[in-house]
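A short worksheet on the structure shown next.
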Amino acid sequence: MVVFPPVADQLAIIRRGVEKIVPEEELATKLEKSRQTGTPLRVKYGIDPTGIDVHLGHTVPLRKLRQFQELGHQAVIIIGNYTALVGDPSGRDQARSKRLTTDEVEANAQDYLAQVGKVIDLSKAEIHRNGDWFAKMSFSDILGLCGRVTVAQLLTRDDFAKRYAAAVPIYLHECLYPVMQAWDSVEIRADIELGGTEQLYSFMLARDLQSMQGLNQQIGVMSPILVGLDGVRRMGKSLGNYIGIGESAYEMMKKFMQLPDAVLPMYFELLTTVPLPDVQAILTGHPKEAKIRLATEVIGFYYGAEAGVEAANRWQNEVSGGALPEEIAEFVVVSGQPNLSATNEMLIGHLLVSSGVCSSSSEAIRKIGEGAVYIIEGGQKVKIEDRKSAVRLVDGLIFGVGKKQIRRVRFADSPVV
RNA sequence: GGCGGAAUUCCCGAGCGGUCAAAGGGGCCAGACUGUAAAUCUGGUGGCUAUGCCUUCACAGGUUCGAAUCCUGUUUCCGCCA
C-alpha cells in the first residue's frame, strides 16, 4: 500500500504553474480518497507520435506528470497512434494535410518515448497505444460512440467554431479526434488528465463518456502555454523559438540568456522547482543573474547540476566576457587550394568566402567596410580594413566576421604527424 | 465556360519608357550602446577577376536608340458572373 503525502501538500505541488483545474473542487476529494485507500490516481497524458522534437514547451505538462509520479501516483502515457492518423485540430485553423504511415508513427513513438524518459520515470509509467482499442472497434461501435456527441457540442470548440464561421472546411474525421481522445480516458480509467488549456473540450467530453460508462470522471489539469524565446508566441518548432531538450547544455545556456526579461516569472514557475517565494527574491535582483539561475536550474535537470554551472560559467566567459569561444569551427586548408599563393597567402576576400563566413565576395567586401572583419594576432583582435590585403595563413590562425562567424585555420596536409 | 485583375529582389510591397540593382516596411547581417535580451542609433542586404563589368522585376517573343514599365502569346494565382 502506497503512503501518500497529506492532501494539502499534494495540492500545493499540483497547483504550481497550473492554469486551470476542472472541476477544481473534485481534486481534493479524489486525492483524499486515494490517500485513504492507498490507491494511486491514474494520471493520463496523451501525445500523437507525429515526429516531435520535445522542447521546453512540451515539458510543462510532462513535468507535472513527473510530480504526480513523485507523489506516488500512476503515470499513464497514451501514444496516439490512431489519433495521429487524424491530426489534432486543436488550435489549428485548417486540417492537417499529410497522413503518416504506421511505420512512421511507430518510429516516432519510440523516438518520443526516449525523449520523454528524460523528464518522467518511464520504468514506472504505463504506456498504451490507442490503436490497441481503436483497431478492434467495429463500425457499429464507432457509430455508438458518435451517437453520444452532438454536432452542437463539437461546434462549441473554439477552433471548430472559428473554422465554421470562417467557412474553412472541417472534415468529418477531424470531428472524431476529440471523441477518440476522450475515449482513451474511458479505456484507461483516467482519474486525471494533463494537457494544455486548449484541451478543455476533450477533457470534458471524456468526463461525459466516463460517466456514461459508469466510471469515475477524470479531472483536467491544464497548464498554460509556454511562450517561446521571442517572449510573445507559443514555443514551437515551426516558429524557431524553442529550446529543445535534446540540445547541449551550452546551446541551452545561450538560448536562455536571450530570453526577454518579462518571461522569467513564467519560466521559473513552469520549468523549475525553485520555491515560489525564492523566485520572488531572485526576480528582485539583477535580471541577468536571475536568468543565469534559471538556466542553471533547467540545464541541471537534464545534465546534472555540475553541467549547469559549467555552462553558466562558460557563457559568462565567452559571451559576457567577450572571450573566444571554446569551440571554433575549423577552416581546413589544403595546399594547392584555389587562391592560395605559394607562400600560403590569401586575399582577405577569398579567405572569407572559401571558409564560408561570407556567402559571396561582395558580402565579404561589405563586411570589411563595416569593420566587422578581423584576425587574432597575439591575442588581440586586429581589424582588417583594406579589402585588398592578403593574410598569411598559418596553422591555428583565427579570423572572423562579427561575434558569431569565427574560424580557425588548419592545414590538412601540414607536416605535423 | 465568360469578364476583370495580378505576377517585382528572402517576405510584404512601391515603381513615371531613360536619372532602376529598382522606394518603403519586415526579416536578416554588421557596428555603437548595454546587464544577456529588448529598445535605440548607424551602415548594409544581386554577382564578379570591382570605382568598371555582368545578370535580375513569372516565362517566351516583339516594339524602341533605350523596357520592371508598352504590345503579343504562355503559365500560375485572385476576384466577379455562369
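Proteins come first, then strands; the chains are lettered A, B, ... in the order of their sequence lines, and each starts at number 1.
Rounded to whole Å, atom P of B:A37 lies 12 Å from atom CD1 of A:Ile292. The NE2-P distance, from A:His350 to B:U49, rounds to 5 Å in whole Å. Between the P atom of B:A50 and the CG atom of A:Asp386 lies a distance of 13 Å, rounded to the nearest Å. Taking atom CE of residue A:Met257 and atom P of nucleotide B:U36, one finds them 9 Å apart after rounding to whole Å. Rounding to whole angstrom units, NZ of residue A:Lys388 and P of B:U51 are separated by 6 Å. Spacing between atom CD of A:Glu289 and atom P of B:A37 amounts to 15 Å, rounded to whole angstrom units. Following rounding to the nearest Å, A:Leu283 (CG) and B:U36 (C1') show an atom-to-atom distance of 15 Å. To the nearest angstrom, C1' of B:U36 lies 10 Å from CG of A:Leu264.
Using a 4.0 Å heavy-atom criterion, one finds that A:Ser360 contacts the sugar-phosphate atoms exclusively. Note on A:Ile365: a base of the nucleic acid sits closer than 4.0 angstrom, heavy atoms only.
Residue A:Arg366 places at least one side-chain N or O closer than 4.0 Å to OP1 or OP2 of B:G47. Considering only side-chain N and O atoms, A:Ser362 lies nowhere under 4.0 angstrom from the phosphate OP1 or OP2 of B:G46.
One P atom belongs to B:U8, the other to B:C77, and the distance between them is 14 Å to the nearest Å. If you take atom C1' in B:U69 and the same atom in B:A6, they sit 15 Å apart, rounded to whole Å. Between B:G15 and B:U9, the distance separating the two C1' atoms is 13 Å to the nearest Å. Comparing the C1' positions of B:C70 and B:A21 gives an interatomic distance of 22 Å, to the nearest angstrom. Nucleotides B:A38 and B:C33 have their C1' atoms positioned 13 Å apart, rounded to a whole Å. Nucleotides B:A67 and B:C78 place their P atoms 33 Å apart, quoted to the nearest Å. Remark: the separation of the P atoms in B:G62 and B:C29 is 44 Å, to the nearest Å. The same atom, P, is picked in B:G44 and in B:G26; the two are 15 Å apart, to the nearest Å.
A:Glu370 contributes no side-chain N or O that forms a donor-acceptor pair with the base of B:G44 under 3.5 Å. Between the side chain of A:Lys367 and the base of B:C29, at least one donor-acceptor pair of N or O atoms lies under 3.5 Å.
B:A82 makes up no base pair with any nucleotide shown, lacking Watson-Crick or G-U wobble contacts both under 3.5 Å. Base-pair partner of B:U76: B:A6 (Watson-Crick or G-U wobble, both distances under 3.5 Å). Base pairing of B:G18: its partner is B:C65, meeting the Watson-Crick or G-U wobble criterion (both donor-acceptor distances under 3.5 Å). In this entry B:A50 has no Watson-Crick or G-U wobble partner, no candidate having both defining distances under 3.5 Å. Across the strands present, B:G43 finds its partner in B:C29; the criterion is a Watson-Crick or G-U wobble pair with both atom distances under 3.5 angstrom.
A cation-pi arrangement is found for A:Arg314 relative to A:Tyr250, the charged atom lying closer than 6.0 Å to the ring centre and inside a 45° cone about the ring normal. Because its NZ or CZ atom is both nearer than 6.0 Å to the ring centre of A:Phe301 and within 45° of the ring axis, A:Arg63 counts as a cation-pi partner of that residue. For A:Lys381 and A:Tyr374, the positive end sits near the middle of the six-membered ring, less than 6.0 Å away and at most 45° from its axis. In this structure, A:Lys64 forms no cation-pi arrangement with A:Tyr45, as its terminal cationic atom is not both closer than 6.0 Å to the ring centre and no more than 45° off the ring axis.
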Step-by-step side-chain hydrogen bond (donor to acceptor under 3.5 Å, both in side chains) determination, A:His55 to A:Glu247: CA-CA 9 Å; A:His55 57 61; A:Glu247 296 185 47; over 6 Å; no
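Listed nucleotides: B:A30, B:C48, B:G35. Nearest to the side chain of A:Ser361: B:C48.
Both A:Ser359 and A:Lys291 lie close to RNA chain B; mapped to their nearest nucleotides by heavy-atom distance, the more 5′-ward contact belongs to A:Lys291. Mapping A:Pro260 and A:Lys403 onto RNA chain B by nearest heavy atom places A:Lys403 at the nucleotide closer to the 5' end.
Each of A:Arg42, A:Lys44, A:Lys30 was checked for a side chain to side chain donor-acceptor pair (under 3.5 Å) with A:Asp191, and the lone residue meeting it is A:Lys30. Each of A:Thr83, A:Asp184, A:Asp48 was checked for a side chain to side chain contact (heavy atoms under 4.5 Å, CB included) with A:Ile78, and the lone residue meeting it is A:Asp184.
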